[in-house]
Amino acid sequence: MFIQNQANTGFGRFLIFVLISLLLIGFYANFAEANPIKTAYKYQEIKAIAKGLKKQQTPEELGKLVEKSNEFIAFHPEYKRVDEVYYLLGNALVQLERVEEGIKVFEELVEKQPDARYVRNSLLELGLAYDKLGKYDEADMAYKKLTDHPKYGSGSHATFAKQILEQERADRKGELPRAPGAQPAVGSNPSQWIGQPATDFQVTGLDGEELSLEKYRGQVVLLDFWATWCGPCIVEIPNVKKTYEMYKDQKFQIIGISLDRSREPLEAYIEEEGLAWLHYWDNTRKVSRLYEVQAIPSTFLIDGEGVIRKTNLRGHALEHAVAELVKENLANPTDTATKTTEPTPRSKSVPATKLVKPETPPQKATSANDLQGRTMAWVGKPAPDFQLTGLNGETLSLEQYRGQVVLLDFWATWCGPCIVEMPKVKKTYQAYKDQKFQIIGISLDRSREPLDAYIEKEGIGWRNYWDEDRSIRTLYGVQAIPTAFLIDGEGVIRKASLGGFDVETAVAELVKENLAKPTDAPIDTPADTPEGAQNLEPDAEEIIHAAIAAHGGLEKLEAVKSFVMESHSFEHFPDGSMQDEGKSKIYYYANKFRSEWNDDNRNGAMIFDGESLYMIADGEVKLLPPEPGESYADFFKDSLSREPVWLLPKLLKDDVPVQYLGTEEVKGVPASVLLVTQPSGKELKIFISEETHYIVQFSYETKIGGGGVENVDAFFEDYRDIDGIKIPHHRVTKNGEYRQVLITDIALNAEIDDALFRPQE
């Protein structure tokens, strides 16, 4: 499992580099003095129990955590992460209603390691524990220690402590207060905010001027959460500056929300770098809590109507997204932002992921990922039939088009993304209208006049229906537009997507398949359809071919036999802080690797030779023991097999079953999802962007040693050209925790001495 790393030992840091660079999740072996492997394994076991308790808490598991933690502290009091074990132990005792014992544990940690990282957590929990017992004087002392702490006094834990101290003592029940003004969490994933109204705030910027989102209504706004201590944030600054200079005079503004721990370095950096946009020092976490920011850099791109359109923008994606939204915003009428009693002006640039008609308060709105999942659930199912009267008075039903391919298109004239897609839909209709293909447009316009006018103006020749009472929308569960369903000649939905898809390609393939069938071919019912038949289109092989071409071509990918990668890794914590894990250098073959490290004048290496895992420290070679060494070996084999430069050719040329699962959105962009089996037998989901055809995400499960099963999402970003091959230079791995690696240098087919992988020699 991903373990929060606080170690400063050379090997502890080094192993993080290895695992992050390989997008690995599973273990951080921090080798202690006497038996480092055994100690690290015990620590990992405690972390696994603690993480399991987040999902399901039982007295038995809490008791197990208490037993293991007490034993660990007794035998390993000098272990670098022992402060976290203290914290987990104290929490478990309080949850078991053994509050007095928990208090003693917290106080022991604060006394023995006053500057350890988990002291901030423990002081807050210590105050809450005293509040549970009604010992308010002791609680106040704990809170004051936290707020006055030289290292943690300006952090989010101290902010909570200050809020508690302002409460009436009788109201304090030993629970954290809600963030003032905060909406209920949309989720830890910023992309779940897409389509939601941006939460407004009233703050004073660094220049003394009042800042709010409402003040910039009618402009495109980039809300940028960052800090001067955040390495990835600083890496992004040149790109942010470039974007600002390009669009600052085109109704575009940036509001930087700094999470710096003090104001002086922030102001110095802004002046030194000439950052001319608006800035706010969020020392109380007022704004970052409103947006549930758990890691930085974190960005929210907001349109002129105050709706969040994109999140997590970095690199080229930021400039591209700003350019598109600025262009759209400038094309809107100048009075778009004017508040009137008419609802339509606020709807002219509704994004694909915005709800058509919010029926719940914004904070309760369903996320884009949830909507996409519901839409995708239709694939492989029979399309519900309907009987209705089209705009030209004719009767419309799916049954009357049985034997033809039908595109059911939910749209509206006020929907910006729908209008953007219209030329592609028109082109597809003209190309295939005489080949047993029909389109039925289901309009969600609020009145018929603009719909009739648009159809006449654009010369739209296919069937259209004004869904005034939302009956068809309800029948198909459509909550956002554009949404499209592609239905085959047997009436089965073969493709479904929120936000549209590559309509021309999908229609071409399905029309070709439909025309190839005998005219008197019997119609298969869902019961007759072989299992998995819904996944026949689009063809997985074609998706892989497109990805190989986008990444550099088969010939170039197959030519890569080795590479050397240098990287810089970072760990982000839920409170918004980040730990710089330093730099590493790793030598890769397709089935083995070596990572070298140097820390505090100590040298070493980690080596996986394809079968076993070795550590070299202080000139001594150590073999990871068979238990749990075998699962470690499987883990590394899977990790190496996932490297995109080798994975894509393998999928194409080896006899590896590949199943197409449909499409899902990854950071607002549709992606084809393939399911394959890794060397260990575990399943891997591969997400390939339908726009760039790059691999943009992996999702898989892993289990190492005695830990529990981890669900892992790994993201690939900022692809760059290295010798004609597209290589991701920014990788993020999440499994409830969040780590990222920035690639600083890659050399393909570097000269690597094979002896580097033979530690015995």
Side-chain angles (χ1 to χ4, degrees), residues 4 6 83-95 99-185 188 201 203 225 227 229 257-263 280-296 572-579:
Q4 292 183 342
Q6 308 151 63
D83 61 320
E84 184 179 6
V85 179
Y86 269 104
Y87 170 69
L88 294 174
L89 172 59
N91 258 324
L93 289 167
V94 171
Q95 291 171 50
V99 182
E100 294 281 5
E101 294 178 64
I103 287 173
K104 289 180 181 179
V105 171
F106 290 134
E107 290 182 331
E108 183 178 343
L109 171 61
V110 172
E111 179 183 352
K112 289 185 175 181
Q113 299 189 36
D115 293 322
R117 189 163 67 85
Y118 274 86
V119 162
R120 59 184 174 184
N121 306 65
S122 297
L123 281 172
L124 182 59
E125 295 294 341
L126 178 60
L128 294 173
Y130 274 125
D131 274 341
K132 281 181 181 289
L133 300 178
K135 297 183 177 181
Y136 301 117
D137 290 337
E138 291 88 341
D140 287 354
M141 290 177 61
Y143 295 138
K144 287 292 291 179
K145 280 185 180 180
L146 178 55
T147 58
D148 295 340
H149 196 285
K151 193 173 181 180
Y152 304 125
S154 61
S156 58
H157 293 77
T159 300
F160 279 122
K162 291 174 184 176
Q163 293 173 13
I164 295 171
L165 287 169
E166 292 172 357
Q167 293 179 336
E168 293 290 337
R169 283 186 165 187
D171 295 333
R172 285 158 41 176
K173 307 298 181 184
E175 298 176 354
L176 288 177
R178 288 183 179 270
Q183 297 181 10
S188 60
F201 47 81
V203 297
F225 293 85
W229 49 258
I257 307 295
S258 167
L259 275 68
D260 276 274
R261 299 180 179 92
S262 58
R263 183 164 176 164
Y280 169 65
W281 179 38
D282 197 20
N283 60 317
T284 63
R285 300 298 189 265
K286 176 179 179 179
V287 182
S288 55
R289 285 202 306 274
L290 286 177
Y291 283 81
E292 299 292 329
V293 172
Q294 297 186 21
I296 54 174
H572 297 263
F573 300 105
D575 64 358
S577 63
M578 183 197 71
Q579 181 166 307

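Only heavy atoms go into these numbers, but all of them, side chains included; no hydrogens, no water, no symmetry mates. Throughout, numbering of the chain's residues begins at 1 and tracks the sequence.
Of all the heavy atoms in A129 and V99, the pair that sits closest is O-CG1, 3.7 Å. Between A158 and T147, the shortest heavy-atom contact is O-CG2, 3.7 Å. Across all non-hydrogen atoms, the minimal contact from D131 to A139 is OD1-CB, 3.3 Å.
For K104, there are no side chain to side chain donor-acceptor pair (under 3.5 Å) partners, not counting sequence neighbours. Listed by chain and number, the residues in a salt bridge (Lys or Arg N to Asp or Glu O under 4.0 Å) with D282 amount to none (sequence neighbours excluded). Contacts of Q113 classified as side-chain contact (heavy atoms from CB on, under 4.5 Å), with partners at least two apart in sequence or in another chain: V82, D83, L109, A116. In this view, R169 and D137, D140 satisfy the salt bridge (Lys or Arg N to Asp or Glu O under 4.0 Å) rule, not counting sequence neighbours. Partners of N121 according to the side-chain contact (heavy atoms from CB on, under 4.5 Å) rule, which considers only residues two or more places apart in sequence or in another chain, are Y87, Y118, H157. Legend: residues meeting side chain to side chain donor-acceptor pair (under 3.5 Å) with E138, ordered by chain and number and at least two apart, are absent. With sequence neighbours excluded, no residue forms a salt bridge (Lys or Arg N to Asp or Glu O under 4.0 Å) with K151. Checked against side-chain contact (heavy atoms from CB on, under 4.5 Å), K132 has the following partners two or more places apart in sequence or in another chain: V94. Legend: residues meeting side-chain contact (heavy atoms from CB on, under 4.5 Å) with V85, ordered by chain and number and at least two apart, are Y43, I46, S69, F72, I73.
No donor-acceptor distance shorter than 3.5 angstrom exists from the side chain of W281 to the backbone of L259, with no hydrogens or angles considered. Using modelled atom types, one side-chain atom of H149 and one backbone atom of P114 make a donor-acceptor pair closer than 3.5 Å. With hydrogens and angles disregarded, a donor-acceptor distance shorter than 3.5 Å links the side chain of Y152 to the backbone of D115.
Taking CD1 of I164 as the start and NZ of K162 as the end, the distance is 12.5 Å to the nearest 0.5 Å. Taken to the nearest 0.5 Å, the CE atom of M141 stands 9.5 Å off from the CG atom of L126. Rounded to the nearest 0.5 Å, atoms CD (E84) and CG (L89) are 12.5 Å apart. The distance from atom NZ of K286 to atom CG of L290, rounded to the nearest 0.5 Å, is 7.5 Å. Rounded to the nearest 0.5 angstrom, L146 CG and S122 OG are separated by 10.0 Å. The OH atom of Y86 sits 3.5 Å away from the CD atom of E108 when rounded to the nearest 0.5 Å.
Residues I103 and L133 meet the side-chain proximity criterion, which asks for heavy atoms closer than 4.5 Å. Within the 4.5 Å cutoff, the side chain of Y143 has heavy atoms near those of the L128 side chain.
Ion pairing of R172 with E166 is absent here, as no side-chain N (NZ or NE/NH1/NH2) approaches a carboxylate O to less than 4.0 Å.
In this structure, Y291 and F225 have tilted ring planes: the angle between them lies in the 30° to 60° band.
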Should K144 and L165 be marked as a side chain to side chain contact (heavy atoms under 4.5 Å, CB included) after you check the CA-CA gap, both sets of side-chain angles, and the distance that decides it? CA-CA 9 Å; K144 287 292 291 179; L165 287 169; 4.0 Å; yes
